[in-house]
*Asks:* 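Let me begin by handing over the structure; questions about it come next.
Values below: all heavy atoms of this structure, side chains included; hydrogens, waters and symmetry mates excluded. All residue numbers in this chain count up from 1 along the given sequence.
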Amino acid sequence: MCTMTEILPVIRFVKAIFNIIQFLIPIGLIIMGSVDLGKAVLSSDDKEIKQATSKLIKRAIAAVAIFFIVLLVKLVMNLVTSSGAQGNSASWMACWDQA
């Protein structure tokens, strides 16, 4: 149970930002890369298609990296909390879960 109820709105906001970063940014990157590739295919220029394909691959890699960085941060926070540190970190994690 969270004993620091005054910080729950802040934690909810941070969790919302994490969700935006974890899901919307990678989706946006992949959509932008697909649009670029579609434009290149419609132009029928081999050089432009190759550049757009390269750009799409880089954006897809960035999207996967962003997705996993957020997961990594969550994992590290869980490990720090569960590593035997009691007190503030345990109550912080309870507030994170409650939000």
*Asks:* With clusters defined by side-chain heavy atoms of hydrophobic residues (ILVMFWY) lying less than 4.5 Å apart, directly or transitively, does Ile11 cluster with Phe18?
*Replies:* yes
*Asks:* So do the side chains of Phe68 and Leu72 get within less than 4.5 Å of each other, counting heavy atoms only?
*Replies:* no
*Asks:* Cluster question for you: counting only ILVMFWY and a side-chain heavy-atom cut-off of under 4.5 Å, with indirect links fine, are Val70 and Val73 together?
*Replies:* yes
*Asks:* Report the residues that fulfil ring pair (Phe, Tyr, Trp, His ring centres under 6.0 Å) with Phe13, sequence neighbours left out, ordered by chain and then residue number.
*Replies:* none
*Asks:* Sequence neighbours left out, cut at 3.5 Å: what donor-acceptor pairs do the side chains of residues 20-47 make with other protein atoms?
*Replies:*
residue: Gln22; atom: OE1; partner: Lys74; partner atom: NZ; Å: 3.4
residue: Ser34; atom: OG; partner: Ile30; partner atom: O; Å: 2.9
residue: Asp36; atom: OD2; partner: Arg59; partner atom: NH1; Å: 2.8
residue: Ser43; atom: OG; partner: Ala40; partner atom: O; Å: 2.8

*Asks:* Same cluster or not: are Ile7 and Val14 linked, directly or through other Ile, Leu, Val, Met, Phe, Trp or Tyr residues, by side-chain heavy atoms under 4.5 angstrom apart?
*Replies:* yes
*Asks:* With the side chain counted from C-beta on, respond yes when Leu75 and Leu71 share a heavy-atom pair under 4.5 Å apart, and no when they do not.
*Replies:* no
*Asks:* Go through the steps to decide whether Ser54 and Lys58 satisfy the test side-chain contact (heavy atoms from CB on, under 4.5 Å), and finish with yes or no.
*Replies:* CA-CA 6 Å; Ser54 173; Lys58 289 177 185 177; 3.8 Å; yes
*Asks:* Which pairs count as side chain to side chain donor-acceptor pair (under 3.5 Å) when at least one residue sits in residues 11-21, sequence neighbours excluded?
*Replies:* none
